[in-house]
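Below is one structure; the comments refer to it alone.
Remember, predicted model here, so these are calculated numbers, not experimental data.
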Amino acid sequence: EVQLVESGGGLVQAGGSLRLSCAASGFTFDDYAIGWFRQVPGKGREGVSYISNIDGMIDYAGSVKGRFTISSDKAKKTVYLQMNSLKPEDTAVYYCAAVWLRYGPGALPKTLYEYDYWGQGTQVTVSS
């Protein structure tokens, strides 16, 4: 059974930091891409950052570039999202998601529709 479990959310003041974790199980981790997405009430889910476990390709949404860092620990089957210089507009429920990279290296899915498996989400609240 595929499982993605997020943790690390919480309440932090603007300018602070949090590190989110996404622990994966039930699939061949090294053959998948992991994405982080976020959603606020009344809005659609938006992509934040993505990483390929095949070739290490990484990308970020423009709104978080330079402040967030995604990384993957294959031994622990866990993907991290280090979030620095947090802003109130980063407040959202953060989800991690996984998709099999069926075409191998060189691909990095970035839309939520491409992702097959989702975690339950973790709340991040940034106070001003």
Inset, instruction - Verify ring-ring contact (aromatic ring centres under 6.0 Å, His included) between Tyr50 and Tyr60, making sure each step is shown before the conclusion. - result: CA-CA 7 Å; Tyr50 326 88; Tyr60 300 94; 8.5 Å; no
Inset, instruction - Could you walk me through whether Asp90 and Arg67 pass salt bridge (Lys or Arg N to Asp or Glu O under 4.0 Å), step by step? - result: CA-CA 11 Å; Asp90 294 319; Arg67 300 188 297 122; 2.7 Å; yes
Legend entry - Residue pair Asp59, Lys65: steps toward the side chain to side chain contact (heavy atoms under 4.5 Å, CB included) verdict: CA-CA 9 Å; Asp59 203 2; Lys65 198 168 290 187; 4.1 Å; yes
Inset, instruction - Verify side chain to side chain contact (heavy atoms under 4.5 Å, CB included) between Thr69 and Leu81, making sure each step is shown before the conclusion. - result: CA-CA 6 Å; Thr69 302; Leu81 186 68; over 6 Å; no
Inset, instruction - Mind running side chain to side chain contact (heavy atoms under 4.5 Å, CB included) on Thr122 and Leu20 for me, showing each step along the way? - result: CA-CA 8 Å; Thr122 186; Leu20 305 184; 4.0 Å; yes
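Side-chain contact between Ile51 and Val79 is present, with heavy atoms from C-beta onward closer than 4.5 Å. Between Val124 and Met83, some side-chain heavy-atom pair lies under the 4.5 Å cut-off.
With rounding to the nearest 0.5 angstrom, the CD atom of Gln82 is 5.5 Å from the OG atom of Ser17. Going from atom CZ of Arg45 over to atom CH2 of Trp118 covers 5.0 Å, rounded to the nearest 0.5 Å. In this structure, NZ in Lys77 is found 13.0 Å from SG in Cys22, a value given to the nearest 0.5 Å.
Counted by atom type alone, Thr78 and Asp73 present zero donor-acceptor pairs between their side chains at under 3.5 Å. Looking at Arg19 and Tyr80, their side chains never bring a donor and an acceptor atom within 3.5 Å of each other.
Thr91 places no side-chain N or O within 3.5 Å of a backbone atom of Thr125 that could act as its donor or acceptor partner. Judged purely by atom type and a 3.5 angstrom limit, Asp55 uses its side chain to pair as donor or acceptor with the backbone of Gly106. A donor-acceptor contact shorter than 3.5 Å links the side chain of Glu6 to the backbone of Cys96. The backbone N or O of Phe29 lies less than 3.5 Å from a partner atom in the side chain of Asn53, making a donor-acceptor pair. Looking at Ser52, its side chain does come within 3.5 Å of a backbone N or O of Ile54 through a donor-acceptor pair.
No continuous path of hydrophobic side-chain contacts links Val40 to Val126 [ILVMFWY only; heavy atoms under 4.5 Å]. Hydrophobic clustering (side-chain heavy atoms under 4.5 Å, transitive across Ile, Leu, Val, Met, Phe, Trp, Tyr) groups Tyr113 together with Tyr95.
Between Phe68 and Trp36, the distance from one ring center to the other does not fall under 6.0 angstrom. Residues Phe27 and Tyr32 place their aromatic rings such that the two centres sit under 6.0 Å apart.
More than 12 non-hydrogen atoms from other residues, nucleotides or ligands lie less than 6.0 angstrom from NZ of Lys74.
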